[in-house]
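For reference, the structure is listed below as structure tokens.
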2 protein chains.
Amino acid sequence: MALTDFNQIRRNAHLPARIAAEIGREIVEGRIASGEKLPTEHLLAQTFGVSRSVVREAIAQLRNEGLVETRQGVGAFATEKDRRQMIRVEPADLTDPENFRDLFQLRLALEVEAAALAAVSHTPDDLKRLDEVLAQMTGAAKWTEEGIVADLAFHRAVAAATRNDYFIQFIGFIAERIQLTINAARAKAVLEEIVEVTIAEHVAIRDAIAARDASRARSAMRDHLDGASGRLNLELTVP
Amino acid sequence: MALTDFNQIRRNAHLPARIAAEIGREIVEGRIASGEKLPTEHLLAQTFGVSRSVVREAIAQLRNEGLVETRQGVGAFATEKDRRQMIRVEPADLTDPENFRDLFQLRLALEVEAAALAAVSHTPDDLKRLDEVLAQMTGAAKWTEEGIVADLAFHRAVAAATRNDYFIQFIGFIAERIQLTINAARAKAVLEEIVEVTIAEHVAIRDAIAARDASRARSAMRDHLDGASGRLNLELTVP
DNA sequence: TCTTGTACGGTTGTCTGATAACCTTATATG
DNA sequence: CATATAAGGTTATCAGACAACCGTACAAGA
């Protein structure tokens with residue numbers, strides 16, 4: 001690798017993260033091949049002009065992300081692409097409407113199928129939880145903070161009803177990202193007026209799940225998310 | 001929090017990871033509430049009987065996983081549950097058939113919709129890439145290592161044709177996990193005989209995408225993954 | 001020749017202590 | 001009362017050292 005490529009780290013915020021990003025880029029963009037050995041910590045520290053502690057923390061972060069593996073007494077190596085352990089979504093990316101739409105589309109894919117799965121797999125407890133959340137939602141007079149939280153809770157409850165940990169994890173993760181972004185955008189004024197529509201859609205989903213009708217649950221969820229995207233002025237490529 | 005709860009770290013492998021796990025457990029299990037301040041690094045080091053470097057690395061890891069946030073000059077705080085930043089899938093979990101089935105079901109949700117999206121969004125280049133992979137697949141006489149790689153490449157190509165980075169990232173991640181697990185299970189003998197079926201299904205998907213027929217692409221992919229799951233003796237809850 | 005033991009240099013892991021940057025709070029000042 | 005300033009605590013970074021470990025080269029013995 002070319003050591004001269006990266007240096008001149010500005011001294012303001014969180015050195016290790018920036019250095020980790022720097023080295024990480026070298027790896028994902030292939031300039032450090034899979035399995036190749038990284039320079040020694042000592043050399044990296046010297047190259048970046050920081051202390052070894054900082055380099056160590058950076059490498060620890062990369063190891064945590066699954067991009068490098070370290071072997072004591074030997075060195076640090078870029079891991080085979082196969083074993084990358086994580087998925088990350090940068091909140092900053094979501095300020096771009098196009099990225100936001102893309103993530104919303106992914107959410108649709110997941111939640112539509114989750115609804116179908118929930119229809120088949122839910123237990124009585126799951127249904128009770130769904131009803132609780134719905135009640136809470138209807139109770140929230142206005143579409144304020146609580147309304148948004150309740151909405152998130154509903155989708156989380158549907159995910160839970162799938163009895164599939166991966167759906168729970170993935171949907172929870174994505175829905176939260178999306179809700180946070182919406183929240184940050186403060187489109188509340190618009191949302192207030194359409195709260196009833198949203199509740200009705202939620203009820204439709206709940207009923208389909210309760211009836212154990214997978215295909216109706218699927219389309220109800222699709223309608224809901226399609227509607228939601230419209231209200232957010234998103235144009236999904238496949239409705 | 002109760003400092004007396006954790007100490008006595010055995011001295012064999014990767015202290016920071018073990019301490020991070022220890023503190024992390026305190027957080028996810030709620031013994032350290034959201035937003036609550038952690039003890040100071042100095043105190044933690046003293047409590048665990050290790051040096052501050054180790055504690056720092058542990059905290060760095062937790063920060064990386066999104067479980068804590070640090071503010072210079074103030075302290076480290078357990079983050080609100082909302083902002084957990086990552087998704088991780090432990091390969092070890094997938095040896096459990098039930099977990100494997102659950103992940104496969106998630107994959108189905110993603111890939112079915114990806115096929116539909118690809119039908120709408122693909123460019124000529126994407127289609128060319130699909131055909132290349134298919135050719136390569138047909139060329140591989142037997143369902144050997146190359147066949148599996150080619151299969152993975154096909155699904156990756158479909159994901160790429162969505163022109164949606166999140167689909168690409170998520171599907172790539174999941175499909176790889178699944179393929180690795182299959183590979184580890186060495187069910188090759190069984191697979192050899194059904195290679196033609198698989199190729200036919202792939203061609204069906206390709207044709208639907210090429211025809212820009214979203215709904216046909218959706219059902220073709222659903223059929224394919226449904227078939228694949230059957231060949232793996234998985235019983236998906238919602239076919 | 002082949003195997004085994006051992007010494008050596010290099011690398012990561014951990015420790016220690018110090019300094020800088022930063023925040024919060026209390027106190028002094030106008 | 002509002003604002004500036006000082007003090008103390010905390011994290012961030014630095015520097016240097018030693019420990020644990022690995023790979024290799026080389027010598028000794030069969």
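Treat the numbers as computed from the prediction; the structure is a model and nothing was measured. Quick note on labels: first sequence line is chain A, next is B, and so on, each numbered from 1.
Each of A:Gly73 and B:His42 was assigned the nucleotide of DNA chain D with the nearest heavy atom; the assignment lying further toward the 5' end belongs to B:His42. In this structure, A:Ser51 and B:Ala76 both approach DNA chain D, and ranking their closest nucleotides by distance from the 5' end singles out B:Ala76.
For B:Arg52 and C:dG17, the CZ to C1' distance is 10 Å, given to the nearest whole Å. One can place CD of A:Gln46 at 12 Å from P of C:dT11, the figure rounded to the nearest angstrom. Atoms CD (A:Glu57) and P (D:dC14) sit 11 Å apart, rounded to a whole Å. When the C1' atom of D:dG23 is taken as reference, atom NZ of A:Lys37 falls 12 Å away, rounded to whole Å. Rounded to whole angstrom, the span from the CG atom of A:Leu15 across to the P atom of D:dC14 amounts to 6 Å. Distance CD (B:Gln72) to P (D:dT11): 10 Å, rounded to an integer number of Å. Separating the CD atom of A:Glu41 from the P atom of C:dT12 is a distance of 5 Å, rounded to the nearest angstrom. We find that CG of A:Leu38 is positioned 13 Å from C1' of C:dT12, with the value rounded to whole Å.
The cationic atom of A:Arg107 (NZ for Lys, CZ for Arg) lies less than 6.0 Å from the six-membered ring centre of A:Phe104 and within 45° of the ring axis. Cation-pi geometry between A:Arg177 and A:Phe173 is met: under 6.0 angstrom from the ring centre, within 45 degrees of the axis.
Side chain of A:Asn164 to main chain of B:Asp102: a donor-acceptor pair is present (N/O by atom type, distance under 3.5 Å, no hydrogens or angles). A donor-acceptor contact shorter than 3.5 Å links the side chain of A:Thr79 to the backbone of A:Gly66.
Relative to the side chain of B:Val54, the nucleotides D:dT13, C:dC15, C:dT12 differ in distance, and C:dC15 lies closest. Counting only heavy atoms from C-beta on, B:Thr70 has its side chain closest to D:dT11 among C:dT24, D:dA20, D:dT11.
Residue A:Arg71 places no side-chain N or O under 4.0 Å from the OP1 or OP2 atom of D:dC22. Look at B:Thr40 and you won't find any side-chain N or O under 4.0 angstrom from OP1 or OP2 of D:dG9. In terms of phosphate contacts, B:Arg56 brings no side-chain nitrogen or oxygen within less than 4.0 Å of OP1 or OP2 of C:dT16. Phosphate proximity of C:dG13 to B:Ser53: absent, as no side-chain N or O sits under 4.0 Å from OP1 or OP2.
Using bins of under 30°, 30° to 60° and over 60° for the plane-to-plane angle, the ring pair A:Phe170/B:Phe170 lands in the perpendicular bin.
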